Number of protein chains: 2
Amino acid sequence: MSQSFTEENYLKHIYKLSKRSEKGVSTNALAERLETKASSVTDMIKKLAAKKLVDYKKYQGVTLTKKGQKIAVDIIRKHRLWEVFLLEHLGFGGEEVHDVAEELEHINSETLIDRLDKFLGHPKYDPHGGPIPNSEGVFPEPKRVKLDELEVGRKTKVMGITEHSDAFLTHLKKLGLELGAEFDLKERFDFDRSVEIELNDKTIQLSHDVAKNIFVSYNS
Amino acid sequence: MSQSFTEENYLKHIYKLSKRSEKGVSTNALAERLETKASSVTDMIKKLAAKKLVDYKKYQGVTLTKKGQKIAVDIIRKHRLWEVFLLEHLGFGGEEVHDVAEELEHINSETLIDRLDKFLGHPKYDPHGGPIPNSEGVFPEPKRVKLDELEVGRKTKVMGITEHSDAFLTHLKKLGLELGAEFDLKERFDFDRSVEIELNDKTIQLSHDVAKNIFVSYNS
DNA sequence: ATACATTTTTAGACTTGTCTAAATTTCATT
DNA sequence: AATGAAATTTAGACAAGTCTAAAAATGTAT
Ligand SMILES: [Mn+2]
Ligand SMILES: [Mn+2]
Ligand SMILES: [Mn+2]
Ligand SMILES: [Mn+2]
């Protein structure tokens, strides 16, 4: 059975919304995410339920079935692989990438995505730090975390950022915290959750606002 | 104004069909190409006419307006650029490529296609010998021709084929006429339009059936 | 010029995804 | 437990694209 773009987008957003709470995803939350009306969401949910892609009881929200989940994860895989391609090979900037990937993720060809994956060298994370599931739908082990939450004492590397304002980018540049920069996390101050890192033999203080927007990776 | 996938496919096929005759494209021809019914074609043509993308008089067939033509040529550009990418960078085989390109051609992002074009090195022809228009919609000078029609005496190179049966492919392989093979056209026999070529110091006869399915290129 | 076949258009219906407005259910407060 | 607010579903409508069956136009062959 094959899905329309619309159905795929619904499934993907149900998946993403359901990550942040045990209960089913609410009609309104979904409507807001998809920039559509609650009544439209109800209609679509019924269609997805008829196809056994979601479980649905009136007024109780939706959850994905195994089948629906596999499709959702597959869309995420495609989205992130395309983003890697656009950024690393076509020279796109961080922000331009998402909208195009939003369309490319719906191109349906297993061959295509497998070969793209190979071409890209089987990346495990996209440039925003998002983990890329393999073709079985399995996500890589989470060896990656926001600097915000990293264990003190770790050697780490800047893998991505979650804030893309010019202000933030130039700030990072000034500090020397560019993509790929390596440093040690020396200390975290409970008072304001600011951190102290050592980068190229310099000691630097970072506010919580900065730390929470930097993705870092660590080994093992 | 933005077009749906469907509208874009109609425009593209009107363009291709109108290349082979002066008159407008007939409803039935279009229906057959698009694997749909004549009545559906009539409906869509009226929609396109309302958008000023085609000129249409009842029972007289359609032709593209300047606007419609630009859109059609743009789709062809995208289709062929994607085919180059799939073949040269993802390792697709000649036949697998088309169906995927049929979907990719509808991804709408000028940035994307300009960067893809650059990434590919601004190719002028796709691997089937199809010329790739530039972003203004201008096709490259036709320096490429079927062996069928090549001027006797030319040095040429195999650039593509227009027949993809196993039988034909193995035949070519046996003759040494693979993609990129270089040879001279020595003679053409009017009797049956067969040709004589010289390839790697060997003289080979090719029937018209073979010659008409080989694209060759020549300089200046 | 007439008759028949082919092509094209129209009429009416269906599916997908959306919307507004109204009805229903659930939830929070008293 | 009652009530009002918020969330959700239903009812009915619409646009896009398609289809079948029937009507109209065009082309062809005597
Ligand atoms: Mn994205
Ligand atoms: Mn999408
Ligand atoms: Mn093609
Ligand atoms: Mn297409």
Side-chain angles (χ1 to χ4, degrees), chain A residues 1-14 17-18 20-64 68 71-72 75 102-103 105-106 108, chain B residues 1-14 17-18 20-64 68 71-72 75 102-103 105-106 108:
Chain A
M1 197 189 299
S2 177
Q3 282 72 44
S4 67
F5 280 31
T6 310
E7 288 173 325
E8 289 183 347
N9 281 331
Y10 271 86
L11 292 173
K12 184 176 78 169
H13 287 290
I14 293 168
L17 287 170
S18 64
R20 295 276 175 186
S21 95
E22 289 304 305
K23 311 214 115 197
V25 174
S26 81
T27 303
N28 267 359
L30 211 37
E32 192 180 345
R33 259 306 183 97
L34 294 161
E35 299 180 76
T36 184
K37 301 297 173 183
S39 54
S40 306
V41 171
T42 302
D43 287 344
M44 178 56 84
I45 284 172
K46 285 193 221 160
K47 246 169 258 173
L48 295 174
K51 291 187 173 187
K52 312 267 190 202
L53 299 175
V54 300
D55 289 319
Y56 170 57
K57 279 196 210 89
K58 274 190 196 177
Y59 296 101
Q60 309 305 173
V62 260
T63 51
L64 294 174
I71 295 167
I75 302 293
E102 202 58 50
E103 299 194 39
E105 70 188 359
H106 304 291
N108 261 319
Chain B
M1 196 190 301
S2 177
Q3 283 72 43
S4 66
F5 281 30
T6 311
E7 288 173 326
E8 290 182 347
N9 281 331
Y10 270 87
L11 293 172
K12 185 177 79 169
H13 287 290
I14 292 168
L17 286 170
S18 65
R20 295 276 175 186
S21 96
E22 289 304 305
K23 311 215 114 195
V25 174
S26 81
T27 304
N28 267 0
L30 210 38
E32 191 179 348
R33 262 301 185 102
L34 294 160
E35 298 182 76
T36 185
K37 301 296 173 185
S39 54
S40 306
V41 171
T42 303
D43 288 344
M44 177 57 84
I45 284 172
K46 286 194 220 159
K47 246 170 257 174
L48 295 174
K51 290 187 173 187
K52 311 265 189 206
L53 299 175
V54 300
D55 289 320
Y56 169 59
K57 281 198 209 87
K58 273 189 198 177
Y59 296 99
Q60 309 307 165
V62 261
T63 51
L64 294 174
I71 294 167
I75 302 293
E102 202 57 51
E103 300 195 39
E105 70 188 359
H106 304 291
N108 261 320

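Chain identifiers are assigned alphabetically (A, B, ...) following the order of the sequence lines, protein sequences preceding nucleic acid strands; residue numbering begins at 1 within each chain. Fair warning: this is a prediction, and the values are worked out from it, not measured in the lab.
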At under 4.0 Å between heavy atoms, what does [X] touch on the DNA or RNA strands: base, sugar-phosphate, or nothing?
{"X": "B:Thr27", "answer": "sugar-phosphate"}
{"X": "A:Thr6", "answer": "sugar-phosphate"}
{"X": "B:Ser40", "answer": "base"}
{"X": "A:Phe5", "answer": "nothing"}

Between which nucleotides of DNA chain C, 5' to 3', does chain B make heavy-atom contacts below 4.0 Å?
C:dT7 to C:dT10

In Å, rounded to the nearest 0.5 Å, how long is the span from CG of A:Asp55 to NZ of A:Lys57?
7.5 Å

Distance check needed: [N] [atom2] versus [X] [atom1], whole Å only.
{"X": "B:Lys46", "N": "D:dG17", "atom1": "NZ", "atom2": "C1'", "value": "13 Å"}
{"X": "A:Lys47", "N": "D:dT9", "atom1": "NZ", "atom2": "P", "value": "15 Å"}
{"X": "A:Ile45", "N": "D:dT9", "atom1": "CD1", "atom2": "C1'", "value": "11 Å"}
{"X": "B:Lys51", "N": "D:dG17", "atom1": "NZ", "atom2": "C1'", "value": "12 Å"}
{"X": "B:Gln60", "N": "D:dA24", "atom1": "CD", "atom2": "C1'", "value": "14 Å"}
{"X": "B:Leu48", "N": "D:dG17", "atom1": "CG", "atom2": "C1'", "value": "12 Å"}
{"X": "A:Lys37", "N": "D:dG12", "atom1": "NZ", "atom2": "C1'", "value": "17 Å"}
{"X": "B:Glu35", "N": "D:dC19", "atom1": "CD", "atom2": "C1'", "value": "16 Å"}

Return the nearest nucleotide to the side chain of A:Asn28; candidates are D:dA21, D:dT9, D:dT8.
D:dT8

Using the ring centroid of each side chain, check whether A:Tyr10 and A:Phe5 are separated by less than 6.0 Å.
no

So, OP1 or OP2 of D:dT10: does either fall under 4.0 Å of a side-chain N or O from A:Lys58?
yes

Quick one: is D:dT18 close enough that its OP1 or OP2 comes under 4.0 Å of any side-chain N or O from B:Tyr10?
yes

DNA chain C nearest-nucleotide lookup for A:Ser39 and B:Lys57: closer to the 5′ end is B:Lys57

For residues [X] and [Y], report the shortest heavy-atom separation together with the two atoms involved.
{"X": "A:Asn108", "Y": "B:Glu103", "value": "N-OE1, 3.8 Å"}
{"X": "B:Leu53", "Y": "B:Ile71", "value": "CD2-CD1, 3.7 Å"}
{"X": "A:His106", "Y": "A:Glu8", "value": "ND1-OE1, 2.7 Å"}

I'd like to know if A:Glu102 pairs up with A:Lys12 as an ion pair, taking the criterion as any Lys NZ or Arg NE/NH1/NH2 lying under 4.0 Å from an Asp or Glu carboxylate oxygen.
yes

Go through the steps for B:Leu11 and B:Ile75 under the test side chain to side chain contact (heavy atoms under 4.5 Å, CB included), then give the verdict.
CA-CA 9 Å; B:Leu11 293 172; B:Ile75 302 293; over 6 Å; no

